[in-house]
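This report concerns only the one structure given below.
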Amino acid sequence: MAPSRDGRRETHDHVPSSPSEIQYHSHRGASHKSERDRREHHTSKHKRESDRGDHHSPSRSLERGERSDRKRSRRSRSRSIDRSSRDKDRKVSHRSRSRERDRKDRRSFPRNRSRSRSNDSKDGHRSRSRSRDRRNSHRSRSRSGDRSHRSHSRDKKELKGKDGEDGDLKYAKAEERIEEVIDKRRERERDAGFEAERIVERSKVDNDMEEEGEIHEEVKVEAHLEKQSEDGLSPQMGEAKKLEPLSLEEILKKKKEEALQQAKPVFLTKAQRAELAIKRRQEEVLEQRKREQEQRKLLSMPSESSRKEHDGDRDRSRQRDREREHERERDRERREREREREEEAKRERVEKQMTREREKELEAIKEQYLGAKKLKKRVVKPSEKFRFSFDWENTEDTSRDMNPIYQNPHEAQLLFGRGFRAGMDRREQKKLAAKNEKDLRAEIRAKDGVEERPEEAEAQKQKEEAANVYDTFDMRVDRHWSEKKIEEMTERDWRIFREDFNISYKGSRIPRPMRNWEEGSLSPELLKAVAKAGYKKPSPIQMAAIPIGLQQRDVIGIAETGSGKTAAFVLPMLTYISKLPPMTEEIEAEGPYAVVMAPTRELAQQIEEETVKFAHYLDIRVVSIVGGQSIEEQGFKLRQGCEIVIATPGRLLDCLERRYAVLNQCNYVVLDEADRMIDMGFEPQVVGVLDAMPSSNLKPDNEDAELDEKRIYRTTYMFSATMPPAVERLARKYLRNPVVVTIGTAGKATDLITQHVMMLKDGEKLDRLQRVLNDMGDKTAIIFVNTKKSADSLSRQLDRLGYRVTTLHGGKTQEQREISLEGFRNKRYNCLVATDVAGRGIDIPDVAHVLNFDMPNNIEQYTHRIGRTGRAGKTGIATTFLTLGDTEVFYDLKQMLMQSNSPIPPELSRHEASKFKPGSVRHL
Ligand SMILES: Nc1ncnc2c1ncn2[C@@H]1O[C@H](COP(=O)(O)OP(=O)(O)OP(=O)(O)O)[C@@H](O)[C@H]1O
């Protein structure tokens with residue numbers, strides 16, 4: 001410590017400080033000690049003074065007490081200042097240490113090396129200069145403090161060393177002076193406090209400058225402690241302020257404890273929980289409102305400034321929001337418009353409805369008072385209704401091949417000049433060339449006397465075949481269907497085929513007709529039987545009906561008399577039965593598999609014969625049940641078992657009723673000459689028989705319904721040369737989706753029969769008959785009469801005239817009928833006088849002439865009668881004696897003759913009855 005040059009001034013300016021105070025700065029423990037020493041010193045001094053006070057007045061002693069108190073407080077104050085400055089020094093040094101640490105840390109991170117290095121150097125300078133400043137200020141402060149203390153105590157000693165009243169006065173002055181010094185010191189201390197604050201501020205700024213966000217927690221704590229210590233400089237602070245600052249560990253511990261305290265579960269009462277929930281909810285609501293307000297504010301007036309504040313994303317999102325809002329607005333408007341439109345339409349509808357109702361009401365009133373005004377129904381003319389369509393397909397034209405003129409048309413020969421003769425048919429040329437070659441070779445061989453070798457013969461045959469084969473050139477003229485294989489048949493060919501045989505169909509899903517027996521999918525046994533019967537080619541009805549029958553389809557077959565209808569239904573029937581299990585003892589009690597009904601016994605027997613003929617190679621038994629024979633015998637035959645029963649409807653029903661027969665397994669029914677059966681009044685019997693059959697196997701009514709191939713359905717056949725409306729009624733009831741096959745024109749007599757009609761008087765008939773029979777020679781003829789009596793009478797007359805004549809009518813016994821027929825068949829008799837019993841179905845070969853001695857009373861019967869001739873492709877003559885008593889058939893007969901291009905006698909054609917159909921209204 002440098003000695004002062006002016007000791008007096010020094011005494012006034014400085015209060016001498018005790019050595020114990022200096023020691024306090026150096027060591028804390030020592031400071032306590034010095035405090036104790038000071039107290040002891042002070043008490044001893046006080047004691048000395050009080051001892052000395054025996055010599056002084058009590059007021060004086062009181063003054064002294066006050067002064068000592070003041071001194072004490074001053075001392076404590078100075079001590080606290082010292083302590084705070086000491087603390088401050090310690091903190092500063094601590095801070096510099098932490099900075100040093102930071103610097104080290106930064107050095108370890110090369111990324112921030114350059115920056116940290118410069119910072120470090122700056123910091124180092126700064127901290128060094130700061131610590132230097134601090135040290136200097138502290139040193140000066142402590143020095144001045146020491147000096148003042150020392151001078152103060154010296155002054156005291158000097159004053160006390162003087163005696164008496166002067167001394168007291170001087171002391172009082174000195175006291176005042178001390179007071180002044182203390183005040184000054186206080187000011188200085190305050191300045192020092194400001195200085196400390198400044199330092200803290202500067203350190204803060206430094207820290208900010210160092211690195212944002214990298215403020216160490218320690219530094220923060222340090223700053224806090226520094227602040228605390230600086231606050232502690234205030235004389236108003238109590239004992240609590242003097243507490244030691246917490247270390248970093250303690251702070252962390254405290255924080256951890258706080259966190260633990262917070263993490264501990266707190267058990268709240270229900271009321272508390274509710275309160276908390278309400279509070280939370282309120283906060284949420286407030287926040288929500290705030291957000292909404294903000295949004296609204298943004299949407300309502302997006303100010304320029306706010307737009308600047310937000311970045312591009314926010315702008316875009318806002319733009320999107322606005323667009324969405326616009327979209328919603330547009331939607332709302334659109335919906336509004338639609339609603340308006342709907343309402344408008346609704347209003348219009350209601351208005352229209354109202355006007356319509358008003359109009360209706362008016363109409364009703366008008367109708368009531370003025371009468372109804374009925375609109376005329378527009379009549380569509382038949383010419384308009386059935387307009388002929390001129391659209392046609394080339395394939396529909398079937399005329400070309402029909403006419404021989406078109407078969408070999410004269411066409412330009414493209415190979416003209418290449419060895420072919422112009423205008424010649426190439427096929428013909430080829431044929432001619434082959435023929436010429438053949439003839440030439442034969443001529444040469446004959447001249448040379450050489451026989452034809454087999455190779456040469458084969459080569460020649462091939463050439464001839466090649467000549468017949470069409471080449472592409474020849475294909476311009478198509479071949480006839482008969483020259484084609486079934487695979488080559490076109491639709492046009494089938495059409496020509498049908499036209500050739502006058503086949504016409506009515507129905508759906510009709511199978512192709514069979515052109516020959518081989519194409520008909522008949523069993524070999526049946527084909528053998530057909531061949532044995534001498535049927536080389538199927539007849540048109542057989543061609544058309546057999547394929548349909550083989551598919552178990554119902555068929556209505558209408559074909560001319562003698563066209564082979566019997567085989568048309570017998571062959572499919574046999575095919576069907578041959579597929580069923582053989583009729584054993586177990587199943588024969590259930591009845592036959594098939595039933596054929598015919599109107600007459602003769603016809604039934606004829607069908608039986610025909611069936612037996614075809615079933616020759618099949619183990620199928622056929623039984624006929626006809627009237628005139630023993631029913632018991634027939635019942636016995638049935639009990640023995642058979643697959644097919646051929647019967648007249650009356651006798652069959654009789655058998656069924658008597659339980660001689662059952663039809664439990666019968667699924668195949670043929671009604672031959674069905675119209676005749678109905679004519680004869682057998683309809684109830686026919687129906688009775690049909691009803692005795694199982695109905696469960698009837699086909700579905702629906703035309704398009706597919707049939708189960710594995711199931712057996714009832715198949716019904718109806719065959720006749722004529723089909724009157726009564727038969728159609730029966731057919732509608734018992735047939736399911738039938739195919740109607742018509743050969744030629746229904747009811748029309750075959751063209752093979754030449755029809756003659758003679759207008760005679762009743763008395764002229766026998767003479768004319770004789771003439772005809774005489775012209776006929778040895779040929780056979782059937783003479784039809786209308787009654788049994790006339791049949792017998794005529795038969796007798798003819799017999800007397802020398803003709804080989806026999807009679808057949810219903811009045812004869814079955815035996816007589818059979819003998820007569822048998823005799824006529826065997827040509828023992830060449831004349832058969834018969835009633836209509838022989839009119840239907842009776843097939844007697846080689847009947848050359850049919851004579852209608854009596855004209856039948858309906859045209860169908862006429863057709864069937866004349867149909868006993870001209871059968872199976874043979875020609876025949878039909879002569880009819882007409883009288884004026886037969887006017888009821890004049891019209892139909894005339895039509896029939898016109899249809900068949902037969903001569904019409906002038907009496908008939910002129911006759912009024914031939915001009916109008918009986919029963920129709922005659923127009924004047
Ligand atoms: N494909 C055929 N080839 C040769 N002859 C046949 C053929 N089919 C049937 N016939 C013969 O023709 C004759 C007439 O046959 P069928 O009696 O079956 O004719 P139909 O049409 O039933 O006559 P109707 O209408 O008078 O009853 C019979 O003698 C029969 O043998």
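Indexing begins at 1, ligand by ligand and atom by atom, following the structure's order.
- In this structure, Ser795 and Thr806 have side chains that are not in contact, with every pair of non-hydrogen atoms separated by 4.5 Å or more.
- For atom 19 (O) of ligand 1, the closest heavy atom belonging to the protein is Gly564 N, 3.1 Å.
- The main-chain N or O of Lys484 is never found under 3.5 Å from a side-chain atom of Glu488 such that the two would form a donor-acceptor pair.
- Interface of Ser563 with ligand 1, defined as ligand atoms under 4.0 Å from a residue heavy atom, comprises 19 (O), 20 (P), 21 (O).
- For atom 1 (N) of ligand 1, the closest heavy atom belonging to the protein is Lys537 O, 2.8 Å.
- More than 12 non-hydrogen atoms from other residues, nucleotides or ligands lie less than 6.0 angstrom from CG of Asp691.
- Residue-to-ligand polar distances place Arg868 within reach of ligand 1: an N/O pair is separated by less than 3.5 Å.
- Distance from atom 12 (O) of ligand 1 to its nearest protein heavy atom, with residue and atom name: Ala872 CB, 3.1 Å.
- For atom 31 (O) of ligand 1, the closest non-hydrogen atom of the protein is Tyr535 OH, 2.6 Å.
- Within the structure, the closest approach of Glu673 to ligand 1 falls below 4.0 Å when heavy atoms are considered.
- Annotation: atom 17 (O) of ligand 1 to nearest protein heavy atom, Arg871 NH2, 2.9 Å.
- Seen from the ring of Tyr617, Lys528 counts as a face-on cation partner, given the 6.0 Å and 45° thresholds.
- The proximity of His864 to ligand 1, defined as any non-hydrogen pair under 4.0 Å, does not occur for either the backbone or the side chain.
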* Worked verdict on Gln755 versus Thr880 for side chain to side chain contact (heavy atoms under 4.5 Å, CB included) -> CA-CA 8 Å; Gln755 299 175 52; Thr880 304; over 6 Å; no

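- Contact annotation for Glu560 and ligand 1: only backbone heavy atoms (N, CA, C, O) come within less than 4.0 Å of the ligand.
- A side-chain donor from one of Gln816 and Thr813 sits under 3.5 Å from a side-chain acceptor of the other.
- Less than 4.0 angstrom separates some heavy atom of Asp843 from each of these atoms of ligand 1: 13 (C), 14 (C), 17 (O), 28 (C), 29 (O).
- Nearest protein heavy-atom contact of atom 22 (O) of ligand 1 is Thr566 OG1, 3.3 Å.
- Residue Gly562 places a heavy atom under 4.0 Å from ligand 1.
- Residue-environment remark: CD (Glu815) stays at or below the threshold of 12 foreign heavy atoms within 6.0 Å.
- Residue, atom and distance of the protein heavy atom nearest to atom 8 (N) of ligand 1 are Gln542 NE2, 2.9 Å.
- A side-chain N or O of Glu822 and one of Asn826 form a donor-acceptor pair less than 3.5 Å apart.
- Under a 3.5 Å cut-off, the side chain of Arg871 and the backbone N or O of Gly867 do form a donor-acceptor pair.
- Of all protein heavy atoms, the one lying nearest to atom 25 (O) of ligand 1 is Lys565 NZ, 2.7 Å.
- For Ser539, the heavy-atom gap to ligand 1 drops under 4.0 angstrom.
- Side chain of Thr869 to backbone of Ile866: no donor-acceptor contact under 3.5 angstrom is found.
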